[in-house]
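Scroll down for the structure; my scribbles are underneath it.
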Amino acid sequence: MSDILIDTAAGVMTLTINRLDKKNSLTQAMYGAMADALNQAAADAAVRAVVLQGHETIFSAGNDIGDFLNGPTSTLESPVYRFLQGIAQFPKPLVAAVCGPAVGVGTTLLFHCDLVYAGDNAAFSMPFVNLGLCPEAASSLLVPQMMGYHRAAEALLLGEPFMAEAAMEVGLVNRVVPPTEANAVAQAQARKLAAKPLSSLVETKRFMKKGQTSLVLAQMAEEGASFGRMLREPAAREAFTAFMEKRKPDFSKV
Ligand code: COA
């Protein structure tokens, strides 16, 4: 079965991250599949909203760490950037359902969604510093903007996780529900949107994002250049190797 399930019904395209044995971590192929699906959803008049969801126990463990270690050098043409640029510029409503851990890009992608519904087991984290990396997906811009600088510093410098209620308090999450209901709630909200006039949805979203999108894309490109360089540096290599070897990283020499 595919690692990204794609289903369209009642004007809603639903993308389900489906790689449970690896905690829904995202490979280049999965980013590519989601980027292609978003392009298709943007172009298809029959799709009026998109839902992005995982499993009730895990949203995503972030980027596949094996891909980080062994994958090709990422560029702005890489599948991951095609996906990130796709969600940043997606013209129609994007709704997320998040349960369990949402690590790295599992959290940063949510700042590009229009509505986010979380299971009460959702745990958000952006541990880029702990991995010898820097923020991506324009999170260094969007996280302080939404959460305020000091809360953003806890999340991005310390890499400390925060739970569903805290995410709702800062405005990242619209509603906290039992994990078994999160996907259904997101689907119901997306279907409500899909019943509305598409041109009004698109214009309203465009006006809400106006001015911001160019800043987001510029920040994303700048972060991407640093992130790509840092992936090859000793701190990140130690962090990834330690994860694969199931030990704590030793940053004393980097
Ligand atoms: N990339 C590749 N494989 C991953 C992964 C990732 N990001 N996250 C988890 N996995 C794999 C594990 O290696 C393990 O594989 P194995 O069964 O072959 O040994 C399997 O998924 C289960 O993971 P495990 O860590 O045992 O599950 P857990 O329930 O104890 O913890 C997480 C879940 C998400 C908290 C934990 O897996 C984690 O922290 N993952 C890394 C997150 C991360 O740093 N991502 C990068 C962000 S930029």
Side-chain angles (χ1 to χ4, degrees), residues 1 3-4 17-34 52-74 78-81 83-84 87 96-112 118-140 142-143 152 154-164 167 179 182 219-220 223-251 254:
M1 196 182 278
D3 292 338
I4 299 292
I17 308 171
N18 180 46
R19 192 181 179 226
L20 278 177
D21 58 328
K22 295 291 177 189
K23 299 288 169 182
N24 280 354
S25 53
L26 298 168
T27 60
Q28 291 297 310
M30 292 163 75
Y31 289 120
M34 290 192 289
L52 184 54
Q53 64 186 21
H55 186 260
E56 63 191 49
T57 60
I58 176 102
F59 182 62
S60 173
N63 204 99
D64 183 279
I65 290 186
D67 265 15
F68 269 163
L69 256 183
N70 307 315
T73 309
S74 61
S78 305
V80 59
Y81 287 113
F83 169 68
L84 294 177
I87 52 171
V98 184
C99 298
V103 187
V105 70
T107 289
T108 59
L109 72 81
L110 301 172
F111 288 82
H112 300 278
D120 58 19
N121 61 346
F124 305 86
S125 60
M126 295 174 280
F128 302 112
V129 166
N130 303 340
L131 293 168
L133 297 169
C134 69
E136 37 74 316
S139 53
S140 57
L142 297 173
V143 177
E154 274 189 338
L156 284 170
L157 293 177
L158 279 170
E160 287 193 344
F162 52 99
M163 302 303 289
Q219 190 90 351
M220 209 179 252
E223 289 172 348
S226 291
F227 195 96
R229 171 176 50 77
M230 295 175 90
L231 277 176
R232 308 284 150 204
E233 290 179 353
R237 309 310 283 177
E238 166 58 13
F240 305 151
T241 308
F243 179 78
M244 298 308 243
E245 293 173 356
K246 300 191 188 292
R247 61 168 172 82
K248 279 195 181 316
D250 173 7
F251 294 126
V254 296

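The analysis underlying the following values was restricted to heavy atoms, covering all of them including side chains, and did not include hydrogens, waters or symmetry mates. One-based numbering, in listed order, for ligands and for the atoms of each. Being a predicted model, the structure only gives us computed values, none of them experimental.
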| said: Tell me if a side-chain donor or acceptor on S139 pairs with a main-chain N or O of E136 at a distance below 3.5 Å. | reply: yes

What part of [X], side chain from CB on, backbone N/CA/C/O, both or neither, has a heavy atom under 4.0 Å from ligand 1?
X: I65; answer: both
X: L133; answer: neither
X: M244; answer: neither

Determine if the distance from [atom] to the closest protein heavy atom is below 4.0 Å.
atom: atom 35 (C) of ligand 1; result: no
atom: atom 45 (N) of ligand 1; result: yes
atom: atom 30 (O) of ligand 1; result: no
atom: atom 25 (O) of ligand 1; result: no

| What's the shortest distance from atom 28 (P) of ligand 1 to any protein heavy atom, and which residue and atom give it? | K23 CE, 3.9 Å

| note | Among non-hydrogen protein atoms, atom 18 (O) of ligand 1 lies closest to K22 NZ, 2.6 Å

First locate atom [atom1] of [X], then atom [atom2] of [Y], and finally report the distance between them rounded to the nearest 0.5 Å.
X: L131; Y: N63; atom1: CG; atom2: CG; result: 10.0 Å
X: I4; Y: M34; atom1: CD1; atom2: CE; result: 4.5 Å
X: D67; Y: Y31; atom1: CG; atom2: OH; result: 8.5 Å
X: N130; Y: F243; atom1: CG; atom2: CZ; result: 13.0 Å

Number the atoms of ligand 1 from 1 as they appear, then name those within less than 4.0 Å of a heavy atom of [X], with their elements.
X: F243; result: 4 (C), 5 (C), 8 (N), 9 (C), 10 (N), 13 (O), 40 (N), 41 (C)
X: K246; result: 19 (O)
X: L131; result: 44 (O), 46 (C), 47 (C), 48 (S)
X: S25; result: 1 (N), 2 (C), 3 (N), 4 (C), 5 (C), 6 (C), 7 (N)
X: V103; result: 42 (C), 43 (C), 45 (N), 47 (C)
X: D21; result: 20 (C), 21 (O)

Could you check if a side-chain atom of [X] sits within less than 4.5 angstrom of a side-chain atom of [Y], using non-hydrogen atoms only?
X: C99; Y: T57; value: no
X: L231; Y: L133; value: yes
X: F83; Y: L26; value: no

| query | Is the shortest N/O to N/O distance between A61 and ligand 1 below 3.5 Å? | reply | yes

| field | Contacts of type side-chain hydrogen bond (donor to acceptor under 3.5 Å, both in side chains), residue D64, not counting sequence neighbours | value | R19

| request: Look at the aromatic rings of F227 and F68 and report parallel, tilted or perpendicular, splitting at 30° and 60°. | output: tilted

| remark: Nearest non-hydrogen contact to atom 7 (N) of ligand 1 from the set N63, D64, T27, T108 belongs to N63

| said: Between S78 and Q28, is there a side-chain donor-acceptor contact under 3.5 Å, judged purely by atom types and distance? | reply: no

